[in-house]
Asker: 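Below: one structure in structure tokens.
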Amino acid sequence: MAVVALRRLGPAARRAAGGVPCRAHRLTPADDELYQRTRVTVLEPESPNIMFIEGYTSRGFTINGDLVVGPCAILPRTILQWNVGSYRDISHESLSLFRLLEPRIEILVLGTGDRVERLHSTVLKQMRACGIAVEVQDTPNACATFNFLTSEKRVVAAGLIPPRSAYVGM
């Protein structure tokens, strides 16, 4: 008789009476399921000509073992100082370097500092009209995206502004 009464009362009453948890019961994740920072160690680069961002600080970037101070433009085989102070300085003119490259780059990854910032839509449209896809991200994610695309042998370039926070190794 008591079992029939509990069925009529519903799931909340069954839980209160010490019954089996219903579908709304949420299990907590185990330790191995929690989000954790992943570290990648490159044992041996596939090619010495490939650009690889190893880390960044608030002052600049470590690329292929070399420290680059300030904002930089990473091209398929070259690293240049990029004359921008913040994401507000990214314009049609500041991106002209990336449009002039031969062979033409497929993807331009822009790192705008500590957080993703919106760029003017006309700037992005002009880059798309030149056949260059633009990926705008915060700088830590832009570094990882650049490394990933480079490892896939894509023709990619990056324009990176150092974030205020620092992370020495990737």
Asker: If the condition is side chain to side chain contact (heavy atoms under 4.5 Å, CB included), which residues does Asp114 pass it with, not counting sequence neighbours?
Answerer: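 With sequence neighbours excluded, Asp114 shows a side chain to side chain contact (heavy atoms under 4.5 Å, CB included) to Pro163, Arg164, Ser165, given in chain and number order.
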Asker: Under 4.5 Å between any side-chain heavy atoms of Asn64 and Met51, yes or no?
Answerer: yes
Asker: In the structure I gave you, are the side-chain heavy atoms of Tyr56 and Pro140 within less than 4.5 Å of one another anywhere?
Answerer: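 In contact.
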Asker: List in chain and number order the residues that pass side chain to side chain contact (heavy atoms under 4.5 Å, CB included) with Glu152, two or more places apart in sequence or in another chain; answer none if no residue qualifies.
Answerer: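 If we apply the side chain to side chain contact (heavy atoms under 4.5 Å, CB included) test to Glu152, skipping adjacent residues, the hits are Phe148, Leu149, Arg154.
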Asker: About how many Å separate CG of Leu108 and SG of Cys130, when rounded to the nearest 0.5 Å?
Answerer: 11.0 Å
Asker: Please table the atom pairs, donor to acceptor, closer than 3.5 Å between any side-chain atom in residues 121-128 and protein atoms at least two apart or in another chain.
Answerer:
residue : atom : partner : partner atom : Å
Thr122  : OG1  : His120  : ND1          : 2.8
Gln126  : OE1  : His92   : ND1          : 2.5

Asker: Could you work out, with salt bridge (Lys or Arg N to Asp or Glu O under 4.0 Å) as the rule, every residue matching Arg115, not counting sequence neighbours?
Answerer: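 By the salt bridge (Lys or Arg N to Asp or Glu O under 4.0 Å) rule, Arg115 matches Glu117.
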Asker: Locate the shortest heavy-atom distance separating Thr112 from Ile90; write the atom from each residue and the value.
Answerer: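 Shortest heavy-atom contact: CG2-CD1, 4.5 Å.
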Asker: Can you sort out the partners of Ala142 under side chain to side chain contact (heavy atoms under 4.5 Å, CB included), two or more places apart, ordered by chain and number?
Answerer: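 Side chain to side chain contact (heavy atoms under 4.5 Å, CB included) list for Ala142, sorted by chain: Val109, Gln137, Leu160.
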Asker: Take Leu95 and Val134 through the test side-chain contact (heavy atoms from CB on, under 4.5 Å) and record every step on the way to the result.
Answerer: CA-CA 11 Å; Leu95 296 177; Val134 180; 5.9 Å; no
Asker: What is the minimum heavy-atom distance between Leu75 and Ala157, and which atoms define it?
Answerer: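 Between these two residues, the closest heavy atoms are CD2-CB, 4.2 Å.
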Asker: If hydrophobic clusters are built from ILVMFWY residues whose side chains come within less than 4.5 Å, do Leu101 and Leu80 share one?
Answerer: yes
Asker: What distance do Ile53 atom CD1 and Phe146 atom CZ have between them, rounded to the nearest 0.5 Å?
Answerer: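 Answer for the CD1-CZ pair, Ile53 versus Phe146, is 5.5 Å.
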Asker: Assigning hydrophobic clusters by single linkage (Ile, Leu, Val, Met, Phe, Trp, Tyr; side-chain heavy-atom cutoff under 4.5 Å), is Val84 placed with Ile105?
Answerer: yes
Asker: Identify the two heavy atoms, one from Ala73 and one from Phe98, that lie closest to each other, and give their separation to 0.1 Å.
Answerer: CB-CZ, 3.7 Å
Asker: List for me each residue that meets side chain to side chain donor-acceptor pair (under 3.5 Å) alongside Ser94, sequence neighbours excluded, and say none if there are none.
Answerer: none
Asker: Which pairs pass side-chain hydrogen bond (donor to acceptor under 3.5 Å, both in side chains) with one or both residues in residues 65-90, sequence neighbours excluded?
Answerer: none
Asker: How many angstroms lie between CG in Leu110 and CG in Asp138, if you round to the nearest 0.5 Å?
Answerer: 12.5 Å
Asker: Nearest heavy-atom pair of Val155 and Arg104: which atoms, and what distance?
Answerer: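 Nearest heavy atoms, Val155 then Arg104: CG1-O, 3.7 Å.
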Asker: Kindly give the heavy-atom pair with the smallest separation between Ser58 and Pro162, and that separation in Å.
Answerer: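 For Ser58 and Pro162, the tightest heavy-atom pair comes out as O-CB, 3.6 Å.
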Asker: Considering all heavy atoms of both residues, which atom of Cys72 and which atom of Ile79 are nearest to each other, and what is their separation?
Answerer: CB-CG2, 4.4 Å
Asker: Would you kindly confirm whether Ile63 and Val156 end up in one hydrophobic cluster when ILVMFWY residues are joined by side chain heavy atoms under 4.5 Å apart?
Answerer: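 Yes.
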Asker: Any donor-acceptor pair under 3.5 Å linking the side chain of Thr62 with the backbone of Gly65?
Answerer: no
